[in-house]
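Only one structure is covered here, and it is reproduced in the block below.
The chains referred to below are lettered A, B, ... by the order of the sequence lines, with proteins before strands, and numbering in each begins at 1. What you are looking at is a predicted structure, and each value in this text was computed from that prediction instead of being measured.
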2 protein chains.
Amino acid sequence: MADTVTNERDWLASYDPRAYEPIAVTVDIVALTIRQGADGDAEKALHVLLVRRGEMPFAGRLALPGGFVRPVVEADGTRRDEDLGEAAERELAEETGLATGTRLDRVHLEQLGTYGAPGRDPRMRIVSVAHLAFAPDLPDPTAGGDAAHALWVPVADIDFRSLAFDHARILADGLERARAKLEYSPLATAFAGEEFTITELREVYQAVWGEPMHAGNFHRKVLSVPGFVEDTGATTARGGARGGRRARLYRAGPARLLHPALLRPSPEEDSR
Amino acid sequence: MADTVTNERDWLASYDPRAYEPIAVTVDIVALTIRQGADGDAEKALHVLLVRRGEMPFAGRLALPGGFVRPVVEADGTRRDEDLGEAAERELAEETGLATGTRLDRVHLEQLGTYGAPGRDPRMRIVSVAHLAFAPDLPDPTAGGDAAHALWVPVADIDFRSLAFDHARILADGLERARAKLEYSPLATAFAGEEFTITELREVYQAVWGEPMHAGNFHRKVLSVPGFVEDTGATTARGGARGGRRARLYRAGPARLLHPALLRPSPEEDSR
DNA sequence: GCAATAGTGTCTTTAAGACACTATCCC
DNA sequence: GGGATAGTGTCTTAAAGACACTATTGC
């Protein structure tokens, strides 16, 4: 395939307004992590990264982080187009303020879907390519430019109707995708640290599915799926806070697909 | 949400070239159907709709049908933006030349993914929202404007490397999606007619998965999944061409998800 | 009758889930 | 020792697949 790099000038040269409509393209991110609830809840809960909008439209409302796809300026001053995933990565780094940290490289990013209903942004025609990000317990966004107004919100606390644009729909689609992927992919390990216990893995499933799982059966099931997890040989330094046996530590295995799958306790009446 | 309809004038008024890059957006269609192979093959085979390109770049090469997302002109002369799915539907109708026919309303259409790698189109920056269409046996494209150069190609015969743009990737993703969806969704019924026999349904699975299935076990399995198919009470007018019992006729049931799922004979080592 | 196609019976193996139990640790 | 957490044994039921069989039709 041709390796042509398109820049703004090239684009303008080839622009014929009768042939097509130039459209603003954005990437929006549904970034999910598992963390302790802000309240004194003992349970770990699923959180999503949201930003408080400062501008119209929807000023003051919560929205998914995101931004325009635009040419990036390299160190030497040249401009080049960025791929969609690249734009999503950039936005996520900006919003979390973790660009300089190393922890962002453990984030799993995948495309969720593209939303282009007319009128979805009252300002103009915008098509948004939504992405889904899965991350181990990330800290609160602090440093960095855009990060000041970003925050982790427990999914259970969100009033979907209050979200800006069509972000309720996008978030709902993202959550459903995440719930479905836990079944047949080793995605849950992306929410855990480099090394984790079976119990921690179970807490991921419980947080995303919102249902308690049977500890014993879960344990055996995970170990029975080839390539899901690998024994590190090590154990946790100590047992639970109030006593208890030390847990074996595992790392993510090579499997990209779980066979057999870990099915949800109550299969939903869903249409996808 | 605001019901603002954006037109070209509005867009130009809000255009700030420093804030974002205006991008041409296209929809590409991976349209799949099951039909008898052109050769004397007895087996029904999976076909995809491709067009022979007449223009540069990739003139003479096969490509997925598609076109630009652009404002549509209503009967009264007003212009409005179209949704992505709407654009896909329009393109599919144009390319198949079946716009006036009634059979297009039985086509299942869903979004596949969005492809925006820089340089994927050598002319300019183009982001393409690929869609996947599943249709019962459709006739060869004949009437209609763009349809002259469109044709159904057996998937097995395609040299992926010869496809235009990044359409090999898109087609491969579409095929994998279709194969996966057969497992847990009643999608196969979208490939069959209004009424169908269990054997016809099995032929769909065999064509998409490319593997023979055990007729007896398949039969029992399909009937055991609640809501997958509904008995019409009728049977085929006659048995097979060379004798044989008449088959019961079924129609698609209400289930949107198959529980339990129909798993593929050989689960692939896939990374999704 | 015979070949062909539709549909069923039955058995084995695997997996899911309920439940009880053992193992190890902190205090 | 006692409570807490990790991990295992065992039984029941559901489901997948192999295989053989019965049922009905065209010729």
Side-chain angles (χ1 to χ4, degrees), chain A residues 42-44 182-184 192 195-206 209 211-229 231-250 255 257-267, chain B residues 42-44 182-184 192 195-203 205-206 209 211-226 228-229 231-250 255 257-267:
Chain A
E43 301 261 304
K44 291 184 184 170
L182 279 200
E183 289 193 317
Y184 59 89
E195 300 193 337
F196 50 86
T197 65
I198 301 295
T199 297
E200 284 167 352
L201 198 61
R202 179 165 49 81
E203 286 169 341
V204 171
Y205 277 88
Q206 291 177 156
W209 286 346
E211 300 186 69
M213 316 265 306
H214 187 288
N217 288 340
F218 180 87
H219 196 109
R220 176 184 17 241
K221 170 72 186 176
V222 166
L223 295 185
S224 79
V225 177
F228 190 6
V229 297
D231 198 335
T232 64
T235 67
T236 51
R238 34 165 304 143
R242 286 156 297 182
R245 185 171 171 175
R246 288 178 187 142
R248 266 194 167 84
L249 284 169
Y250 296 85
L257 233 43
L258 305 185
H259 281 291
L262 267 129
L263 298 180
R264 268 177 278 194
S266 27
Chain B
E43 301 263 302
K44 291 184 183 169
L182 279 200
E183 289 192 319
Y184 59 90
E195 300 193 338
F196 49 86
T197 65
I198 301 294
T199 297
E200 283 168 352
L201 198 61
R202 179 166 47 82
E203 287 169 341
Y205 276 89
Q206 290 177 157
W209 286 346
E211 300 187 69
M213 316 267 303
H214 187 288
N217 289 340
F218 180 87
H219 195 108
R220 177 185 17 242
K221 170 71 187 176
V222 166
L223 295 185
S224 80
V225 176
F228 190 7
V229 297
D231 198 336
T232 65
T235 68
T236 52
R238 34 164 304 143
R242 283 156 299 180
R245 185 171 171 175
R246 288 179 186 139
R248 266 193 168 86
L249 285 169
Y250 296 84
L257 234 43
L258 305 185
H259 280 290
L262 267 131
L263 297 180
R264 268 178 278 195
S266 25

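Per the geometry, CZ belonging to B:Arg248 stands 12 Å off C1' belonging to D:dT24, to the nearest Å. Between the P atom of D:dC21 and the NE2 atom of B:His214 lies a distance of 13 Å, rounded to the nearest Å. Regarding B:His259, its NE2 atom lies at a distance of 15 Å from the C1' atom of D:dA14, rounded to whole Å. Rounded to whole Å, atom P of D:dA20 lies 20 Å from atom NE2 of B:His219. Separating the CZ atom of A:Phe218 from the C1' atom of C:dA18 is a distance of 17 Å, rounded to the nearest angstrom. One can place CG of B:Leu201 at 18 Å from P of C:dT5, the figure rounded to the nearest angstrom. In this structure, OH of A:Tyr250 is placed 12 Å from P of D:dA6, rounded to the nearest angstrom. Atom pair A:Arg202:CZ and C:dG17:P shows a separation of 15 Å (rounding to whole Å applied).
For A:Leu223, the side-chain atoms get nearest to D:dT8 when compared with the rest of D:dT8, C:dG7, D:dA6. The A:Arg246 side chain lies nearest to C:dC26 when the options are C:dT8, C:dA18, C:dC26. The B:Lys221 side chain lies nearest to D:dA16 when the options are C:dT8, C:dA6, D:dA16. In this structure, of C:dG7, D:dA15, C:dT10, it is C:dT10 that holds the atom nearest to the side chain of B:Arg220. Among the nucleotides C:dT5, C:dC19, C:dA15, the one closest to any side-chain atom of A:Pro260 is C:dA15. Side chain of A:Asn217, nearest nucleotide from D:dT5, C:dA16, C:dA18: C:dA18.
Residue order along DNA chain C, read from the 5' end via each residue's closest nucleotide, puts A:Leu263 first among A:Leu263 and A:Arg245. Of the residues near DNA chain D, B:Leu262 and B:Arg242, the one whose nearest nucleotide (by heavy atom distance) lies more toward the 5' end is B:Leu262.
Of the possible polar contacts, one joining the B:Lys221 side chain to the B:Ala261 backbone as a donor-acceptor pair under 3.5 Å is found. At least one donor-acceptor pair under 3.5 Å links the side chain of B:Glu183 to the backbone N or O of B:Arg264. A donor-acceptor pair under 3.5 Å is absent between the side-chain atoms of B:Thr197 and the main chain of B:Ala247, judged by distance alone.
Scanning for salt bridge (Lys or Arg N to Asp or Glu O under 4.0 Å) contacts around B:Arg202 gives an empty result, with sequence neighbours left out. Taking the ring pair (Phe, Tyr, Trp, His ring centres under 6.0 Å) definition, one finds that B:Phe218 meets it with B:Tyr205, sequence neighbours left out.
Proximity of B:Arg238 to the phosphate of D:dC27: a side-chain N or O atom is located under 4.0 Å from OP1 or OP2.
The residue B:Ala237 sits apart from the nucleic acid: no heavy atom pair falls under 4.0 Å. Residue contacts for B:Thr197: at a heavy-atom cut-off of 4.0 Å it reaches no nucleic acid atom on any strand shown.
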